[in-house]
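Below, each value reflects all heavy atoms present in this structure, side chains not excepted, and no hydrogens, waters or symmetry copies. So that the names make sense, note that chain A is the first sequence line, chain B the second, and so on, each numbered from 1.
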There are 2 protein chains.
Amino acid sequence: MAARDYGQYSGLARAVELVGERWALLIVRDLLTGPRRYGELAAGLPRIPTNILAARLKELQAAGILRRAPRSRVIVYELTPFGRGLEPVVLALGAWGLQAMGDPRDEQIVTPASMAIDLRTAFREDVAAGLPATSYSARIDSADLFIRVDGRLLDVGGGTGRADLAFAAGPALLRIVSGDLAPRTAIETGAVALLHGDAALLDRFATTFRLAA
Amino acid sequence: MAARDYGQYSGLARAVELVGERWALLIVRDLLTGPRRYGELAAGLPRIPTNILAARLKELQAAGILRRAPRSRVIVYELTPFGRGLEPVVLALGAWGLQAMGDPRDEQIVTPASMAIDLRTAFREDVAAGLPATSYSARIDSADLFIRVDGRLLDVGGGTGRADLAFAAGPALLRIVSGDLAPRTAIETGAVALLHGDAALLDRFATTFRLAA
DNA sequence: CCGCATCCTGGAGGATACTG
DNA sequence: CAGTATCCTCCAGGATGCGG
């Protein structure tokens, strides 16, 4: 069951033995936003073969990273405290990867869980601390995300609600975060469609969530 | 040349597409401590197939993570600024992995590059700031490491020199860092052999390099 | 000898069908 | 819905060859 060995006695080698297999870190990321059922995980991981998902879940469970937990007649997968220790890793890797995003291709999707982590990655709490509390309702590729910023606190979750600014966007939202796309341009080109609220709030959004140089 | 796609438009997915392949992060780690030649990389990566090393180097070069640079008639591989951006990732992963180190097996080796990163991972600069400047000369598995701690500054490099404390140790040195092994016990069991200097300095070492809870 | 390229084999990854 | 079983593809692993 143990992953293949790298023949090195070091922290990094051990880490990649545990979570270096394909899909593993993406599964961990999706679980960072809360427990998930098998089908939810499969839906968030486009085209992952179901046998691979099952195998990864077993391996990650054997490694003590996640556990199967019964929740009122259904099984959910949730991270253990050890697995939650991967949060800095996921955020650091995500921040690095955001610098190298190419143009989104048609087949590439954005899931609530992935966008939630990307936003947490790019969240600048020092900037947010100087701004009034703001809530955003974002419809990303037919999935709803509710984002609440209050001082240094960030809360990103699914679902909808009454927000200061509501907008719909595709993958291009990440290009705003990575600094490749100006909010005004995004609105003009239709990459972001405002549903209600002041357009200036999208500038605030872009200021709050912006990858550090 | 691009690695296989995860079908997601997110920072993490992009990152694992670039450095998620087997051996890739270990190569990056070794290059974090300085440029290396092909043979040096191969020596530090136990049993990596040479064709895999060549393939990874090409992929990482194509991704803009490293570059081949001629250095006085020989080729060395060095990280680009973009590749050096992976340092927080490597440190975070290493810190997490250090919590899950099992007992070292005979076939597992410790290289200067891996130990250097592990020490940087576990370096507690707040603690070091309150201690006098200290230098350590460590012989790890027939490789020499010179460690200089001065206030919040840490310098780890190869080679030897006149140090306040000189000792020889095997992989067990990491067990001290991860808190599984007390310095006194290490000396008593012979896991660490003092060459010269005060044994109390090994306590200081263990205090300076200790994985945070 | 160093720095790869080539060849071959075994096992992991990928797509699909199937079952409790 | 939550996986298991099956088949096939492809990459990693290992040995070897070869040019500078």
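With sequence neighbours excluded, no residue satisfies side chain to side chain donor-acceptor pair (under 3.5 Å) with B:T208. Looking at residues two or more places apart in sequence or on another chain, you find no salt bridge (charged side-chain N to carboxylate O under 4.0 Å, His left out) involving A:R73. With sequence neighbours excluded, the residues satisfying side chain to side chain contact (heavy atoms under 4.5 Å, CB included) with B:D144 are B:R139. Remark: A:T50 pairs with A:Y38 by the side chain to side chain contact (heavy atoms under 4.5 Å, CB included) rule, at least two apart or across chains. In terms of the side chain to side chain donor-acceptor pair (under 3.5 Å) criterion, residue partners of A:T134 (sequence neighbours excluded) are, by chain and number, A:R204. Residues meeting the salt bridge (charged side-chain N to carboxylate O under 4.0 Å, His left out) test with A:E125, sequence neighbours left out: A:R152. Residues satisfying the ring-ring contact (aromatic ring centres under 6.0 Å, His included) test with B:Y6, not counting sequence neighbours, are A:W23.
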- [ ] For DNA chain D, just give me the dot-bracket, please: Watson-Crick or G-U, both distances below 3.5 Å, ( ) intra-strand, [ ] crossing earlier pairs, | paired with another strand, . unpaired.
- [x] .|||||||||||||||||||
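Residues in residues 166-175 of chain A take part in these side-chain hydrogen bond (donor to acceptor under 3.5 Å, both in side chains) pairs, two or more places apart or across chains: A:D103-A:R175, A:R175-A:D180. Sorted by first then second residue, the ring-ring contact (aromatic ring centres under 6.0 Å, His included) pairs that include residues 53-92 of chain A, not counting sequence neighbours, are A:F82-B:W96.
The interatomic distance linking A:I48 (CD1) with D:dT4 (P) rounds to 14 Å, in whole Å. Atom CZ of A:R22 and atom C1' of C:dA15 are 13 Å apart (whole Å). Distance, B:L57 CG to D:dA12 C1': 16 Å, rounded to whole Å. Atoms CD (B:E21) and P (D:dC10) sit 15 Å apart, rounded to a whole Å. Remark: C1' of D:dC10 and CZ of B:R4 are 7 Å apart, rounded to the nearest angstrom. Atom P of nucleotide C:dG13 and atom CZ of A:R47 are separated by 17 Å, given to the nearest angstrom. In this structure, CD1 of B:I52 is placed 13 Å from C1' of C:dG10, rounded to the nearest angstrom. Distance, B:L53 CG to D:dG13 C1': 13 Å, rounded to whole Å.
Around atom CZ of B:R148, no more than 12 heavy atoms belonging to other residues, nucleotides or ligands sit under 6.0 Å away. Counting non-hydrogen atoms of neighbouring residues, nucleotides and ligands closer than 6.0 angstrom, the CZ atom of B:R22 exceeds 12 such neighbours.
A close approach under 4.0 Å does not occur between any side-chain nitrogen or oxygen of A:K58 and OP1 or OP2 of D:dA2. In this model, the phosphate group of C:dC4 is approached by a side-chain N or O of B:R68 to a distance below 4.0 Å at OP1 or OP2. The side chain of B:Y6 contributes no N or O atom lying less than 4.0 Å from OP1 or OP2 of C:dG13.
Near-neighbour residues of DNA chain D inside residues 32-45 of chain B, defined by a heavy atom below 4.0 Å, are absent.
Ring pair B:F123/B:F209 is tilted by interplanar angle, where 30° to 60° counts as tilted.
Side-chain proximity of B:P49 to the nucleotides C:dC4, C:dG13, D:dG14 is greatest for D:dG14.
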Open item on the list: Walk along nucleotides 15-20 of chain D from 5' to 3' and tag each nucleotide B, S or - by protein heavy-atom contact under 4.0 Å, base first, then sugar-phosphate.
Closed with: -B----
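Among the protein residues, B:R73 comes within range of no part of the nucleic acid, since none of its heavy atoms lies under 4.0 Å from any strand.
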